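The next block holds one structure in the form of structure tokens; read it before the comments.
Hydrogens, waters and symmetry mates are skipped; everything else that's a heavy atom, side chains included, is used. None of the values given here were measured: they were computed from a predicted structure.
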Amino acid sequence: MSSTDRYDAEAVERKWQAEWAAKGTNAFTKDELERADEPYYNLMMFPYPSAEGLHIGNIYAFTGADVHGRYWRLQGKTVFEPIGFDAFGIHSENYALKVGTNPADLIPRNVENFTRQLTRMGGMYDWTHTVDTTDPKYYRWTQWIFLKLYQGGLVERRNAPVNWCPSCKTVLANEQVVGGLCERCDTAVEQRQLPQWFFKISQYAERLLDNIEKLDWSDTTRKAQANWIGRSEGAEVDFSIQGGSGAVRVFTTRPDTLFGATYMVLAPEHPLVDSLTTAACRAAVDDYRTQVAKRDLVERKKTDKEKTGVFTGGYCINPMTGKAIPVWIADYVLMEYGTGAIMAVPGHDQRDFEFATVFGLPIMRVIAAPGEDANTALDSAYDGDGTLVNSGRFDGASVEAGKRAIVADLAKRGAGEAKVNYRLHDWCVSRQRYWGPPIPMVHCERCGAVPVPESELPVLLPRVEDFKPDDSGVSPLARVKSWYETTCPQCQGPARRETDVSDTFLDSAWYFLRYPSADRDDVPFDAELTRKWLPVHSYIGGNEHAVLHLMYSRFVTMALKDLGFIDFEEPFAKFRAHGLIINEGTKMSKSRGNVIVPDALIDKYGADTVRVYLMFLGPFEQGGDYRDQGIQGPHGFLTRLWQSVLDANDVAPDPVVERKLHQTIRQVTEQIPNLQYNTAIAAMMEYLNVVRAGGRTPRRAEVAPLVLMIAPFAPHVAEELYQRLGHNESLFASARWPVFDEAKAADALLDVGVQVNGKLRARVQVAADADEAAVRAAALANDNVSRFVDGKTIRKAIYVPGKLLNLVVG
RNA sequence: GCCCGGGUGGUGAAACUGGUAGACACAAGGGACUUAAAAUCCCUCGACCGCAAGGUUGUGCGGGUUCGAGUCCCGCCCCGGGCACCA
């Protein structure tokens, strides 16, 4: 054997990557996309191109998705597998600040490096249809989407709190606030109110929730989405203000406990706080409100701190008891949920109970559990089921019936109504930052906020050398006078551009619509191509995006459908979340210094080995533990496969090997579409062991199908072996997935376990068509079985055909 | 606190719908081939008892259902991830 016949992964991979690029094996022309017979859009979450390059987690995810795409391609589908770069955002911006470079210079270098690495891993990417969210040709259409939603009445400008670091003089994202302090300078973070742009996603809450059950998505992801939307059924109830006009409206899920509402609590920011506050309480209320405003948003939401609050001096009337109850303010009531005000029922809500205990407010029982009555003392809130007590004419009703009856009563009197509330709140898309697409709006003193005309898109992000945040509290763009000074598109008067940029999540909320039409500059997405290729057939990505990215993508898709731009409302027919890779039992992180460097691994073993190993580690949807030594297994496997194909002769396949082959094809064919890659690979290893058992010489017909089956995992070596088996064209362009023959997969003899009283005593071999009597005879003929049966009566026999016989004796 | 995962040999992990636990692989040990090494091939490999045949035991813990439980039910413990005062 000459040295050129040794498995040289590097040479093989170089050769085939060049071949694919030269022949355009994985790229589609517009015409090809339009004419595809069986389109299959295989999408994976595009990466943020960091300066460090692809990490093993990216590679794991992309490989798993690529295996999926290559499999369907071999099954005859036209698989479109694009990749792009999600390059805007705070990560790039902060990193650029840290190293003192402009992100506009940094990103192209990172993209180039990522492209090199992705190519090197052997992904089946169509590089003629890629996107870069920072390219004006892309973000022009991100801005277009903003405008379309604006025109559709789905965008609104309103004040909202942001985290503010008084020392860095900048707005912070929630994750930049650590323990109430700025992560960079440890200064206490405050809240500031700024006008921001919102997408009214909450209008879609019901549809977003209802559609979930129709989606073929990972269960965990669907549950996360449902929880995030957080539907809760209850009622809104008016508590009229004593000695004043109007009422305070609250949302409650427990209208049945209304008789137990002994006080009320408003969020400190609630608009009625001012009018409810009496002169005597004014100072304390103002003081408390200032303190709350000072705290950052993250700290505000901590649940484990002691309840605080102050009395406003005002009273409202409980619509059921007619009694006046005091109105307090406290930071445990949030302005953004419900109506920003609650009726407190300390007897049956733990938070209210704690608050009432701290401030000595009355606690009343209005629900009695079985065995309790109206006078049973409460030492904590009781939130279980039971019957109403201390509730006038509603006494004796169940919780369920009480809810209905009290809501009906309130409705009759015009004091309340049934109401469904959602946790999901509107999407704030404003970022007081530099590295993002400028929001395409103009502020005119006369006309107010005016959208930039479509014909003037893109609103280019100017190159700004000094994009460090300053104390203005607004985007760095607000310092670039030459940029923000403009004229009003409506009245031509002097105007000022919106200087905030949009959220990165907006960039990624529509990129899948762009890919097929990435080469079009006249439209964001071609109508025909979109109809043909979307919704996405398969989407694979991390569970860290299970909520926001997927939710926003669904929302944008729904909105675009309602606006008449597309004819479907769910973007991803199928979604699967992949697991995480850990290293020797511990999480990988830069600080631990245990990050696996993919380039070094590929240098040593080749991309094919790395791909197979990553997919072999554990179930793809659960992740796995990367162990350095383990890679030897897959590497040896590919080496043996190589050797076996080169050594193969033309003798007809051995029947025993052939049976195993068909069983293997069956298993692998079933498991790959379900992402059960680890066991599919194990089956192929097992088969190759049979082919090579005892050092026998493999036959060509025994190994040729294995070359095809390993191709999704190890595409380069598969191509090379396919060629050496005598084919001229690329395997992926010409080969078809092997088909198994059920008859040939069937075993002639079956191994049946024999139990006596549930304990395994023997295994007997019987003909595949043996009936129960035959199995029983064979079992009783077995010494070890008769040992346990002799002298006893067989009371019962359970026979699982072809598998197991259990004799119950006694 | 709540919602998801998960807990099986020395290790990563398999196990269809309740039916022969530990496939496949790593590591370890032994052997063949070789001048040697590499590569390749073969054997052993949960624990305990036994020369063996075989037996007992074993899937985080405690109960239960069943002819039969890693798998189902009830009650716990531990690990990982996400959400978190949501009224």
Side-chain angles (χ1 to χ4, degrees), chain A residues 6 218-224 226-228 230 232 234 250-254 257 265 300-305 307 330-334 336-345 349-352 354-355 421-425 543-544 546-547 577 579-580 582 584-585 587 613 616-619 621-634 636-637 639-640 643 667 670 676 678-687 689 692-696 751-763 783-784 787 795-810:
Chain A
R6 272 225 133 94
S218 301
D219 250 15
T220 53
T221 314
R222 299 197 309 174
K223 279 182 181 138
N227 287 343
W228 189 260
S232 62
V250 304
F251 173 72
T252 177
T253 54
R254 297 294 304 273
T257 62
V265 187
R300 165 77 187 269
K301 295 199 171 183
K302 283 259 170 70
T303 62
D304 48 2
K305 53 185 206 270
K307 295 277 181 290
D331 67 353
Y332 81 95
V333 175
L334 307 174
E336 65 264 27
Y337 187 76
T339 60
I342 62 159
M343 63 177 211
V345 184
D349 179 286
Q350 192 53 33
R351 298 155 300 181
D352 298 343
E354 286 165 21
F355 190 84
N421 216 345
Y422 296 92
R423 203 192 77 109
L424 180 71
H425 41 252
N543 240 336
E544 67 274 19
V547 176
L580 295 177
I582 55 173
E584 312 269 351
K587 213 166 144 182
Y613 182 46
F616 182 66
L617 280 180
E621 290 176 82
Q622 272 166 47
D625 189 0
Y626 180 95
R627 290 169 60 257
D628 243 354
Q629 281 179 322
I631 199 167
Q632 294 299 342
F637 169 65
T639 307
R640 286 191 294 276
Q643 210 47 254
Q667 183 178 345
E670 275 167 14
Q676 292 161 307
N678 56 332
T679 46
I681 292 168
M684 289 189 268
M685 288 175 166
E686 202 177 330
Y687 173 62
N689 288 345
R692 295 169 63 86
R696 69 185 285 277
D751 203 19
V752 177
V754 182
Q755 296 180 336
V756 179
N757 284 347
K759 287 202 186 216
L760 188 73
R761 295 302 177 189
R763 294 160 214 254
D783 287 350
N784 208 42
R787 207 148 69 83
R795 303 197 181 279
K796 197 169 164 187
I798 291 108
Y799 179 58
V800 182
K803 297 219 146 178
L804 178 130
L805 176 70
N806 186 11
L807 300 172
V808 184
V809 302

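For Y687(A), the ring-ring contact (aromatic ring centres under 6.0 Å, His included) criterion is met by no residue, not counting sequence neighbours. Among residues two or more places apart in sequence or in another chain, the side-chain hydrogen bond (donor to acceptor under 3.5 Å, both in side chains) test is passed with R640(A) by none.
As rounded to the nearest Å, rG12(B) and rG6(B) have C1' atoms that lie 15 Å from one another. The separation of rC49(B) from rG68(B), taken at their C1' atoms, amounts to 26 Å, rounded to a whole angstrom. rG64(B) and rC16(B) have their P atoms separated by 26 Å, with the value rounded to a whole Å. Rounded to a whole angstrom, the distance from the C1' atom of rU35(B) to that of rU11(B) is 37 Å. Annotation: rC2(B) and rU8(B) have their P atoms spaced 25 Å apart (nearest Å). Rounded to a whole angstrom, the distance from the P atom of rG81(B) to that of rU59(B) is 27 Å. Taking atom C1' in both rC73(B) and rA25(B), one finds a spacing of 36 Å when rounded to whole Å. The P atoms of rA23(B) and rA14(B) are separated by 13 Å, rounded to the nearest whole Å.
To the nearest 0.5 Å, the span separating CG on D352(A) from NZ on K307(A) amounts to 8.5 Å. Once rounded to the nearest 0.5 Å, the distance linking CG of L804(A) with CD of Q755(A) reads 4.5 Å. Atom CG of D349(A) is separated from atom CD of E354(A) by 9.0 Å, given to the nearest 0.5 angstrom.
Shown here, rC51(B) forms no base pair; nothing in the strands shown gives a Watson-Crick or G-U wobble contact with both key distances under 3.5 Å. Pairing of rA39(B), defined by two Watson-Crick or G-U wobble distances under 3.5 Å, is not identified with any nucleotide. In this structure, rG5(B) and rC79(B) make a Watson-Crick or G-U wobble pair, each of the two defining distances being under 3.5 angstrom. Figure legend. rC33(B) is base-paired to no nucleotide; pairs are counted as Watson-Crick or G-U wobble with both atom distances under 3.5 Å. Using Watson-Crick or G-U wobble geometry with both donor-acceptor distances under 3.5 Å, rA28(B) finds its partner in rU44(B). The partner of rU17(B) cannot be assigned: no Watson-Crick or G-U wobble pair with both contacts below 3.5 Å exists in any strand.
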**OP:** Start with the C-alpha distance between F637(A) and M684(A), add both sets of side-chain angles, then the distance that settles side chain to side chain contact (heavy atoms under 4.5 Å, CB included), and finish with yes or no.
**Re:** CA-CA 9 Å; F637(A) 169 65; M684(A) 289 189 268; 4.0 Å; yes
**OP:** Could you walk me through whether R423(A) and N227(A) pass side chain to side chain contact (heavy atoms under 4.5 Å, CB included), step by step?
**Re:** CA-CA 9 Å; R423(A) 203 192 77 109; N227(A) 287 343; over 6 Å; no
Original post:
Hey, mind stepping through I798(A) and K796(A) against side chain to side chain contact (heavy atoms under 4.5 Å, CB included) and telling me if it holds?
Top reply: CA-CA 7 Å; I798(A) 291 108; K796(A) 197 169 164 187; 4.2 Å; yes
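Applying the 90° criterion around 0 to the glycosidic angle, rG54(B) comes out anti.
The shortest non-hydrogen separation linking A330(A) to F355(A) is CB-CE1, 3.6 Å. In terms of heavy atoms, G753(A) sits closest to L760(A) at CA-CD1, 4.0 Å. Summarising the geometry of A577(A) relative to S218(A), their closest heavy-atom pair is N-OG, 3.0 Å, with the distance given to 0.1 Å. Shortest non-hydrogen contact noted between N543(A) and T220(A) is ND2-OG1, 3.5 Å.
With RNA chain B read from its 5' end, the first of the two nearest nucleotides for Y626(A) and T639(A) is the one closest to Y626(A). Residues R423(A) and G630(A) each lie close to RNA chain B; by heavy-atom proximity, the contact nearer the 5' end of the strand is made by G630(A).
Across all strands shown, G585(A) has no heavy atoms under 4.0 Å from either base or sugar-phosphate atoms. As judged by a 4.0 angstrom heavy-atom cut-off over every strand, I798(A) is placed among the base-contacting residues. Residue S232(A) is in sugar-phosphate contact alone, with no base atom involved, counting any heavy-atom pair closer than 4.0 Å across all strands shown. Nucleic acid contact for N543(A): none, since no nucleic acid atom lies under 4.0 Å from a heavy atom of the residue. Within 4.0 Å of D783(A), counting heavy atoms only, lies no atom of the nucleic acid at all. Within the nucleic acid shown, P619(A) comes within 4.0 Å of sugar-phosphate atoms alone, with no base atom in reach, counting heavy atoms only. Among the heavy atoms of the strands, none lies under 4.0 Å from R795(A).
For the pair Q622(A) CD and rA13(B) P, the interatomic distance rounds to 9 Å; values are reported in whole Å.
No side-chain heavy atom of Y799(A) sits under 4.5 Å from any side-chain heavy atom of N806(A). The closest side-chain heavy-atom distance from K803(A) to V752(A) is not below 4.5 Å. Side-chain atoms of R787(A) and V756(A), non-hydrogen and from C-beta on, never get closer than 4.5 Å to each other. Side-chain contact check for L807(A) versus R761(A): every heavy-atom pair is 4.5 Å or farther apart. Under the 4.5 Å side-chain criterion, counting only non-hydrogen atoms from C-beta, R692(A) is in contact with Q643(A).
Nearest nucleotide to the side chain of K223(A), out of rC26(B), rG54(B), rG5(B): rG5(B). Residue R787(A) has its side chain nearest to rG55(B) when only rG55(B), rA27(B), rU40(B) are considered. Among rU11(B), rA87(B), rG54(B), the nucleotide with an atom closest to any side-chain atom of R627(A) is rU11(B). Taking every side-chain heavy atom of M685(A) into account, rC24(B) is the closest of rC24(B), rC85(B), rC83(B). Closest to the side chain of R761(A), from the set rU20(B), rG55(B), rA87(B), is rG55(B). Comparing rA13(B), rC24(B), rC67(B) by their nearest atom to the side chain of N806(A) picks out rC67(B). Comparing rC85(B), rA27(B), rG54(B) by their closest approach to the side chain of N784(A) singles out rG54(B). Nearest nucleotide to the L804(A) side chain, out of rA13(B), rG19(B), rA84(B): rG19(B).
Taking the six-membered ring for Trp and the full ring otherwise, Y626(A) and Y613(A) have centroids separated by under 6.0 Å.
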Report each atom pair, protein N/O against N/O of nucleotides 78-81 of chain B, whose distance is under 3.5 angstrom.
from	atom 1	to	atom 2	distance (Å)
rG81(B)	OP1	K587(A)	NZ	3.2

Dump every N/O contact between nucleotides 21-23 of chain B and the protein below 3.5 Å, one line per pair.
from	atom 1	to	atom 2	distance (Å)
rA23(B)	O2'	E686(A)	OE1	3.1

Please tabulate, one pair per line, each protein N/O and nucleotide N/O from nucleotides 28-33 of chain B that are separated by under 3.5 Å, including the distance.
none

Grab the N/O contacts between the protein and nucleotides 43-53 of chain B below 3.5 Å, and write none if there aren't any.
none

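Contact annotation: side chain of K803(A) to base of rC16(B), donor-acceptor pair present below 3.5 Å.
Of the side-chain N and O atoms in N227(A), none sit less than 4.0 angstrom from OP1 or OP2 of rC86(B).
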